[in-house]
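All remarks here apply to the structure that follows.
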Amino acid sequence: MAAQTSAKVPAIIVFGDSSVDAGNNNFIPTVARSNFEPYGRDFQGGKPTGRFSNGRIPTDFISQAFGIKPYVPPYLDPKYSISDFTTGVTFASAATGYDNATSDILSVIPLWKQLEYYKGYQKKLGAYLGEKRAKETIAKSLHIISLGTNDFLENYYAIPGRASQYTPSEYQNFLAGIAENFIKKLYVLGARKISLGGLPPMGCLPLERTTNFAGGNDCVSSYNNIALEFNDKLNKLTTKLKQNLPGTRLVFSNPYDALLHIVNKPAQYGMFEMGYSCSRASLFSCMDASKYVFWDSFHPTEKTNGIIANYVLKNALAQFMQ
């Protein structure tokens, strides 16, 4: 089964933010890093890798489910070479967004730069596999896009600028336009299997809930509504692009409902939603992360990442396994 599957999808190629950054930010001058303990505590080897979790992130689980390998390596890490990247690579950068102004805030890798790295990767792949096989690999590989949260929480609602230029709805359209252009560029470069990721319920992230005093520390519904509206636009975009780009297999992968369900009913998964005791003992982190939904104020635990990856696999990516 695994061999069959990996032949259908030879590699997982990833663009995005901290939800799918496996450590690229370790190699650029930015404070948006997680290359210190206790991050990576439950990753193979127990060392911080630059993943914003105690262990693996969703794309690692997805890679394994496709019978490829248990993790997707970061492009900028010099310990990996093109031989490692033939089966998967991530260009993602924590704290980035669709909007270049978002990546500027913490000097991280903008989406256009991730695309430039991808072009460089294709050249290396061509030299390593030969042009014909490299093109086939690109066409069969699953390209995953996961970003957008920072555009709203770190940029639009946090600093003046975009909010004075755009209404929330106009800003969503602006970002969706960037997503559309990005997918078209991937298509021109030979990508045919593409997953466009939706936003999580942003208002339920611990950072937003702890500062929501007026709302009794519940999820911030206005942020969740923005995520739902934007997801609807991305979903419609995938429908439109499927018609306009012949031979493309494009899906909308939406983590929203899965994460909201875990947050609302953590006990069903054997977890607590979040706990302040989690941040006091043992290097400001709980002893057993598998009991919690969130690892830090923004990012889920490995257990939650696995559940979300499973949900997305079943509801969006399963067609690529056939």
Connected via hydrophobic side-chain network under 4.5 Å: [X] and [Y]:
| X | Y | result |
| --- | --- | --- |
| Leu260 | Met271 | no |
| Val31 | Phe27 | yes |
| Val9 | Met321 | yes |
| Ile57 | Leu259 | no |
| Leu313 | Phe61 | no |

If only atom types and distance count, is the side chain of [X] paired as donor or acceptor with the main-chain N or O of [Y] below 3.5 Å?
| X | Y | result |
| --- | --- | --- |
| Arg33 | Asn26 | yes |
| Arg56 | Pro70 | yes |
| Thr137 | Ala11 | no |

task: Run the ring-centre check on Phe66 versus Phe320 and record whether the distance is less than 6.0 Å.
output: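 They do not qualify: ring centres at least 6.0 Å apart.
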field: Aromatic centroids of Phe52 and Phe298 separated by under 6.0 Å
entry: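 Between Phe298 and Phe52, the centre distance exceeds or equals 6.0 Å.
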Regarding [X] and [Y], is there a side-chain donor-to-acceptor distance under 3.5 Å anywhere?
| X | Y | result |
| --- | --- | --- |
| Asp17 | Thr96 | no |
| Arg51 | Thr49 | yes |
| Thr167 | Ser169 | no |
| Gln122 | Tyr118 | yes |
| Asn173 | Tyr166 | no |

Only counting residues at least two apart or in another chain, list the ones meeting side chain to side chain contact (heavy atoms under 4.5 Å, CB included) with [X].
| X | answer |
| --- | --- |
| Thr301 | Asn54, Ala289, Tyr292, Trp295, Lys303, Thr304 |
| Asn244 | Lys240 |
| Asn235 | Thr238, Phe252 |

What pair of heavy atoms forms the shortest contact from [X] to [Y], and how long is it?
| X | Y | value |
| --- | --- | --- |
| Ala316 | Val251 | O-CG1, 3.7 Å |
| Ser107 | Thr30 | O-CB, 3.7 Å |
| Ser253 | Leu317 | OG-CD2, 3.6 Å |
| Pro58 | Ala309 | O-CB, 3.7 Å |
| Pro74 | Ala22 | CG-O, 3.6 Å |
| Ala179 | Leu234 | CB-CD2, 4.3 Å |

Taking the side chain as everything from C-beta on, heavy atoms only, tell me whether [X] gets closer than 4.5 Å to [Y].
| X | Y | result |
| --- | --- | --- |
| Leu106 | Asn25 | no |
| Val72 | Ile144 | no |
| Ser63 | Lys69 | yes |
| Asn35 | Tyr39 | no |
| Pro201 | Val263 | no |
| Arg209 | Cys219 | yes |
| Leu186 | Phe15 | yes |
| Leu111 | Leu147 | yes |

- request: Just do the side-chain contact (heavy atoms from CB on, under 4.5 Å) check on Ile109 and Leu76 with the steps written out, would you?
  value: CA-CA 11 Å; Ile109 307 164; Leu76 296 185; 3.8 Å; yes
Apart from Trp112 itself, residues in the same hydrophobic cluster as defined by side-chain heavy atoms under 4.5 Å: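 Members besides Trp112: none; it forms no cluster.
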- prompt: Would you call the rings of Tyr75 and Tyr121 parallel, tilted or perpendicular, where under 30° means parallel and over 60° means perpendicular?
  reply: perpendicular
task: Under the side-chain contact (heavy atoms from CB on, under 4.5 Å) rule, what do Ser53 and His299 come out as? Steps first, then yes or no, please.
output: CA-CA 6 Å; Ser53 182; His299 303 98; 5.7 Å; no
Reported [atom1]-to-[atom2] distance for the pair [X] and [Y], which is rounded to 0.5 angstrom:
| X | Y | atom1 | atom2 | answer |
| --- | --- | --- | --- | --- |
| Glu37 | Lys47 | CD | NZ | 7.5 Å |
| Leu199 | Asn254 | CG | CG | 8.5 Å |
| Leu189 | Lys119 | CG | NZ | 6.0 Å |
| Arg249 | Arg192 | CZ | CZ | 12.5 Å |
| Glu180 | Leu241 | CD | CG | 5.0 Å |
| Ile62 | Leu142 | CD1 | CG | 7.5 Å |

query: Do Tyr171 and Phe152 pass the ring pair (Phe, Tyr, Trp, His ring centres under 6.0 Å) test, and can you show the C-alpha distance, the side-chain angles, and the key distance before you say yes or no?
result: CA-CA 9 Å; Tyr171 191 58; Phe152 294 100; 5.7 Å; yes
task: Please test Asn150 against Asn155 for side-chain contact (heavy atoms from CB on, under 4.5 Å), starting from the C-alpha separation and ending with a verdict.
output: CA-CA 6 Å; Asn150 298 314; Asn155 184 353; over 6 Å; no
Summary of salt bridge (Lys or Arg N to Asp or Glu O under 4.0 Å) pairs that have at least one residue in residues 148-172, sequence neighbours excluded: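 Listed once each, the pairs are Asp99-Arg162.
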message: Restricting to side chain to side chain donor-acceptor pair (under 3.5 Å), what partner residues turn up for Asn24, sequence neighbours left out?
response: none
- prompt: Just wondering, are more than 12 heavy atoms of other shown residues or ligands nearer than 6.0 Å to NZ in Lys185?
  reply: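 No, NZ of Lys185 has 12 or fewer neighbouring heavy atoms, counting only those of other groups under 6.0 Å.
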query: Is the CD atom of Gln44 crowded by more than 12 outside heavy atoms at less than 6.0 Å?
result: no
- request: Carefully, step by step, assess Phe85 and Tyr128 under the rule ring pair (Phe, Tyr, Trp, His ring centres under 6.0 Å).
  value: CA-CA 11 Å; Phe85 297 147; Tyr128 183 72; over 10 Å; no
- prompt: Salt bridge or not for Glu136 and Lys132, using N-O below 4.0 Å?
  reply: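 Salt bridge between Glu136 and Lys132, a charged N being under 4.0 Å from a carboxylate O: yes.
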field: Derivation and outcome, side-chain contact (heavy atoms from CB on, under 4.5 Å), residues Ile145 and Tyr98
entry: CA-CA 10 Å; Ile145 303 162; Tyr98 286 108; 4.0 Å; yes
From Ile226, Asn225, Asn212, residue fulfilling side chain to side chain contact (heavy atoms under 4.5 Å, CB included) relative to Val220: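 Per the side chain to side chain contact (heavy atoms under 4.5 Å, CB included) rule, the option paired with Val220 is Asn212, out of Ile226, Asn225, Asn212.
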query: In a check of side chain to side chain contact (heavy atoms under 4.5 Å, CB included) between His143 and each of Ile12, Val14, Ile138, which one passes?
result: Ile138
